[in-house]
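The first residue in the sequence is number 1, and the count goes up from there.
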Amino acid sequence: MGTREIVSTMSCRRVLGCFVFLVLGLAGATWAPAQGAEAASPAAGPNTSTAADFYVAINGNDTWPGTLAQPFKTVDRARVAVAGLKAHVSGRVIRVLIRNGTYYLPSTWTFTGQDSGTSTTPILYANYPGEVPVISGGQVITGWVQAANGQWQTTLPAGTYFTQLWLNGSRRYRPRTTPYGYLYITGEYSTTGGTTTVNELSYETKAYLGVPPTISNLSDVELIDFEAWDVPHLRVASVNTTNQTIVTTAALPKQTMFLGFIPGHRFLLENVKESFRIPGEFYLDRPTHVLSYLPKSGESLSTATFVAPRLQKILSAASLSYVTFQGLTFAHSDWQVSSAGYLGGQADNGTPAAITLTNSTGVVFESDTVAHTGAYGIEFQGNGIVGGASPYLAQFTDGLITDAGAGGIRVGGQAVCSGTGTHTDTNVPQHVYIGNNLITGGGRVLAVGYAVLVGDAHHVIVEHNEISDYYNVGVGVGFNWGWACNFAHDDIVRYNSIHDLGQGVTSDLGALYYLSGANTGNQALNNRVHDIVHDPNGGYGGWGLYVDAGAAGVQMENNLVYRTSDASLHVNAWNTPPPSPVQPNVFKNNILAYGAMGVMDRHNDTNFLNVIFENNVFYYDKNTGDANSILYGYWYCEGKTACTSYFEFNDNIYFNKAASGGQPAQPFFKTPLFPMNGGQQPPITPLTFKQWQAQGEDTGSLFADPLFVNPAPGTDNFTLGANSPAYGVGFVNFNPSLAGRLSTATLTTPANAPGYPTQIPAITSF
């Protein structure tokens, strides 16, 4: 993203004692339980057994023995009790059951290696059958009164401040000057005279009310700037409504099209007291300590429970092994923009997670919910315990992640290429399983958080998840630009249903995104992707499949992609040659439909073969401008006529339903060398299909109706009929309905209020 830095066996859902056998070069991995460990494993799904060694209940007492009749009061008291019991128990699960209710933690629930189980005596922290305990990093806000102006108000202790609030389990937002739309940037400047940074913007107001003439508590106002792949949250130094300019306390790097206050792009002003007017909003006045809430119709103080975040981290574990957390909900973590502002970053990766596991092995989250977080939901860091009996670091299965402030799940992070903690293949996260989860409603504070971020990590499986309602990437793999220092290999993303991403809020995103360098074994297989929408205000890049900035050797096969606001797929090569030969990216046997800006997009030119397209079905319906072409972007091959040593097309089937006979007059093109890595389209040399084939491309391909059962938008049945001509070019049928969660999934989709005004086209306008 620019220059800033078929069905799984699911046998391992037994939670503990499982081994991962990854067979490199195959389309998947086979999972099987360790010999002799099955008896020591709790059943999959939320806990259904009432038997336990210790019980916890909100009406308990930590001086009691922790029995069902006399339970502990706090979850950490149970952890201490387990540590004392371990020496006296062997060959079975040590069980802690937590009763219904919300447990407000006084501090982060912290585990170390001393809290570990073993392969034969694992430890379980689980829900009592039929109950849903909540482990909360928040605090209940009380003392509310109804003011004469209709607001509910309470006065907080001095020094109490937070930027998030939940009412009866639903997120509430702070007031913005434009609650239903955006402000627009017209220019960027530097008050210091700098040429590489900017700290001032000029604006125009297209949305309702715009910018108030006076703003109270200016240092608490956030200016949210929508760049390309970054969304900084800045503090405001001054506002001049006469000249329509705003100066921020921190400066942003300036880079045309990508970073800074980009003319034509959008911004918001949040936490403005004078704009506090929409039911459902809250405002915390720092000088007076008064918290105000404007109730929605039907809300009553007598039934209202307000929770604000207090802890940035709910659970932290280091060097932990053989522990399962089952049927629990972790909720209410904090994250706030500092007084200096937040400059953003790809994936909002620099922000914390509510749950962190570091150097831990055999730790499993089964049927858990992570909700209402300030930034990321859960992360797995480190490489596991050296000599651990199990080859996997952790699992997150049959879970729900919802209402995340940033991303959902993070495995590793950005590559560390030098200095302290330099990454190697052995010290990054590895052998992590993420399966059968519902991950929905993220980016509610930090819009570019990924639903699943697999950073510098290897042998990670992401399968059978449903991912939706994020404003940026669905699943991202790898986190370093270029050819060196990237250990994201053998990462498999398969059978996921990924949809409704971007929603017109951010740019430069893909449902499946690889930034994985020159590696092998990376695969995206049998995923169903649809409705990916980038920012329409000078933005770009709502792609389905996306390999970026030096990713090589990625196999993308048997994926169904439809309705993307940019091309169906995008290849962004690295603009310097690799030090040694690399494998090309291969797009094979995919169905790619309704790409609004062409079907295939390529940026940056190479002097080697970096991409192969074969046995794909391309189906689209645009017949004007650039979208008339199958291609978009950079298609240069060092001036040569035959380009098969740079990009190669074989045995594909194309059909443009807007063109007579399905074949536009000049559907392909070549471009000259073009130095800018951006969204621009270089000049093209248009080619007929016959001319394209005469140059050695697509010699086995054809234009023909693939004969889908019913591809009409809204019906979206891309099943191929028995007489489809696609079979004649080697296409092999696959079943997109197998993507998504399995029938064993237990958690359901919650409602989440949008974090940002969406800009979504009609379903027929892609």
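Between Ala451 and Tyr470, the closest heavy-atom pair is CA-CE2, 3.6 Å. Here the closest non-hydrogen pair linking Gly544 and Val561 is CA-CG1, 3.9 Å. Across every non-hydrogen atom of Gly345 and Val448, the tightest pair is O-CG2, 3.7 Å. When all heavy atoms of Ala573 and Thr606 are compared, the closest pair comes out as CB-CG2, 3.3 Å. For the residue pair Ala404 and Arg171, the shortest heavy atom distance occurs at C-NH2, 4.3 Å. Taking each heavy atom of Gly374 and Leu446 in turn, the nearest pair found is O-CD1, 4.4 Å.
Inter-residue side-chain proximity for Leu165 and Val307 is flagged as unmet; no heavy-atom pair is nearer than 4.5 Å. Between Val445 and Gln164 there is a side-chain heavy-atom pair separated by less than 4.5 Å. Proximity of His289 to Tyr161: side-chain heavy atoms (C-beta onward) are nowhere separated by under 4.5 Å. Residues Pro761 and Ser565 fail the side-chain proximity criterion, which asks for heavy atoms closer than 4.5 Å. Between Ile498 and Ser468, every side-chain heavy-atom pair lies at or beyond the 4.5 Å cut-off. Inter-residue side-chain proximity for Arg172 and Phe306 is flagged as unmet; no heavy-atom pair is nearer than 4.5 Å. The shortest distance between side-chain heavy atoms of Leu218 and Val239 falls below 4.5 Å. Using a 4.5 Å cut-off on side-chain heavy atoms (C-beta onward), Trp481 and Asn486 make no contact.
Neither side chain, Asp508 nor Gln346, offers a donor N or O lying under 3.5 Å from an acceptor on the other. For Asp456 and His423, the side-chain atoms include at least one donor-acceptor pair closer than 3.5 Å. Between the side chains of Trp574 and Asn604, no donor N or O sits under 3.5 Å from an acceptor N or O. With no hydrogens or angles considered, no side-chain donor-acceptor pair links Ser316 and Thr108 at under 3.5 Å. A side-chain N or O of Trp166 and one of Asp403 form a donor-acceptor pair less than 3.5 Å apart. Side-chain contact of His332 with Ser136: a donor-acceptor pair under 3.5 Å is present, judged by distance alone. Side chains of Ser292 and Gln153: a donor on one and an acceptor on the other come within 3.5 Å.
Using modelled atom types, one side-chain atom of Asp285 and one backbone atom of Thr288 make a donor-acceptor pair closer than 3.5 Å. In terms of modelled atom types and a separation under 3.5 Å, the side chain of Thr177 and the main chain of Val211 share no donor-acceptor contact. Proximity of a side-chain donor or acceptor of His265 to a complementary backbone N or O of Phe226 within less than 3.5 Å is detected. The backbone N or O of Cys485 sits less than 3.5 Å from a side-chain atom of Asn480, completing a donor-acceptor pair. A donor-acceptor contact shorter than 3.5 Å is absent between the side chain of His570 and the backbone of Ala567. Judged by distance alone, with hydrogens and angles left aside, the side-chain atoms of Glu188 form a donor-acceptor pair with the main-chain N or O of Phe261 at under 3.5 Å. Side-chain atoms of Trp483 do not come within 3.5 Å of backbone N or O of Ala551 as any donor-acceptor pair. Tyr182 places a side-chain N or O within donor-acceptor distance of the main-chain N or O of Pro757, the cut-off being under 3.5 Å. Using modelled atom types, no side-chain atom of Asn271 and backbone atom of Glu222 make a donor-acceptor pair closer than 3.5 Å. In terms of modelled atom types and a separation under 3.5 Å, the side chain of Tyr471 and the main chain of Gly504 share no donor-acceptor contact.
With Thr356 as the partner, the side chain to side chain donor-acceptor pair (under 3.5 Å) test is satisfied by one option alone out of Glu379, Gln381, Arg410: Glu379.
Using bins of under 30°, 30° to 60° and over 60° for the plane-to-plane angle, the ring pair Tyr450/Tyr513 lands in the perpendicular bin. Ring pair Trp152/Tyr293 is tilted by interplanar angle, where 30° to 60° counts as tilted. Between His233 and Trp335, the two ring planes are perpendicular [angle over 60°; tilted spans 30° to 60°].
In this structure Asp334 satisfies the salt bridge (Lys or Arg N to Asp or Glu O under 4.0 Å) test with no other residue, sequence neighbours excluded. Listed by chain and residue number, nothing satisfies the salt bridge (Lys or Arg N to Asp or Glu O under 4.0 Å) test with Asp348 (two or more places apart in sequence, or in another chain). Residues passing the salt bridge (Lys or Arg N to Asp or Glu O under 4.0 Å) test with Asp469, sequence neighbours excluded: Arg444. Qualifying salt bridge (Lys or Arg N to Asp or Glu O under 4.0 Å) partners for Asp225, counting only residues two or more places apart in sequence or in other chains: none. The side-chain contact (heavy atoms from CB on, under 4.5 Å) search around Leu311 returns Leu105, not counting sequence neighbours.
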List, one per line, each side-chain donor-acceptor pair under 3.5 Å for residues 242-249, sequence neighbours excluded.
residue : atom : partner : partner atom : Å
Gln244  : NE2  : Tyr203  : O            : 2.7
Thr248  : OG1  : Asn199  : O            : 3.2
Thr248  : OG1  : Ala250  : O            : 2.8

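At a threshold of 4.0 Å, the pair Lys296-Glu281 does not count as salt-bridged, since none of the basic side-chain nitrogens sits closer than that to a carboxylate oxygen.
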(message) Evaluate Phe162 against Thr160 for side-chain contact (heavy atoms from CB on, under 4.5 Å), listing each step before the verdict.
(response) CA-CA 7 Å; Phe162 46 80; Thr160 303; 4.1 Å; yes

(request) Evaluate the criterion side-chain hydrogen bond (donor to acceptor under 3.5 Å, both in side chains) for residue pair Asp531 and Gln503; output intermediate values, then yes/no. (result) CA-CA 8 Å; Asp531 295 284; Gln503 303 181 69; over 6 Å; no

(message) Determine whether Val236 and Leu234 satisfy the following criterion, side-chain contact (heavy atoms from CB on, under 4.5 Å), listing intermediate values before the conclusion.
(response) CA-CA 7 Å; Val236 177; Leu234 303 173; over 6 Å; no

(message) Set out, in order, the CA-CA distance, both residues' side-chain angles and the distance that settles side-chain contact (heavy atoms from CB on, under 4.5 Å) for Tyr189 and Val198, then state yes or no.
(response) CA-CA 5 Å; Tyr189 318 94; Val198 290; 5.8 Å; no

(request) Could you give me the CA-CA distance, side-chain angles and deciding distance for Tyr283 and Glu274, then say whether side-chain contact (heavy atoms from CB on, under 4.5 Å) is met? (result) CA-CA 10 Å; Tyr283 183 78; Glu274 287 75 11; over 6 Å; no

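Atom CZ in Arg602 sits 10.0 Å away from atom CG in Leu631 (nearest 0.5 Å). To the nearest 0.5 Å, atoms OG1 (Thr197) and NZ (Lys254) are separated by 9.5 Å. In this structure, Leu223 CG and Leu201 CG are separated by 6.0 Å, a value rounded to the nearest 0.5 Å. Note that CZ of Arg286 is 13.0 Å distant from CG of Leu291, once rounded to the nearest 0.5 Å. Tyr546 OH to Leu515 CG: the interatomic distance, rounded to the nearest 0.5 Å, is 8.5 Å. The CG atom of Asn149 lies 8.0 Å from the CZ atom of Phe276; values are rounded to the nearest 0.5 Å.
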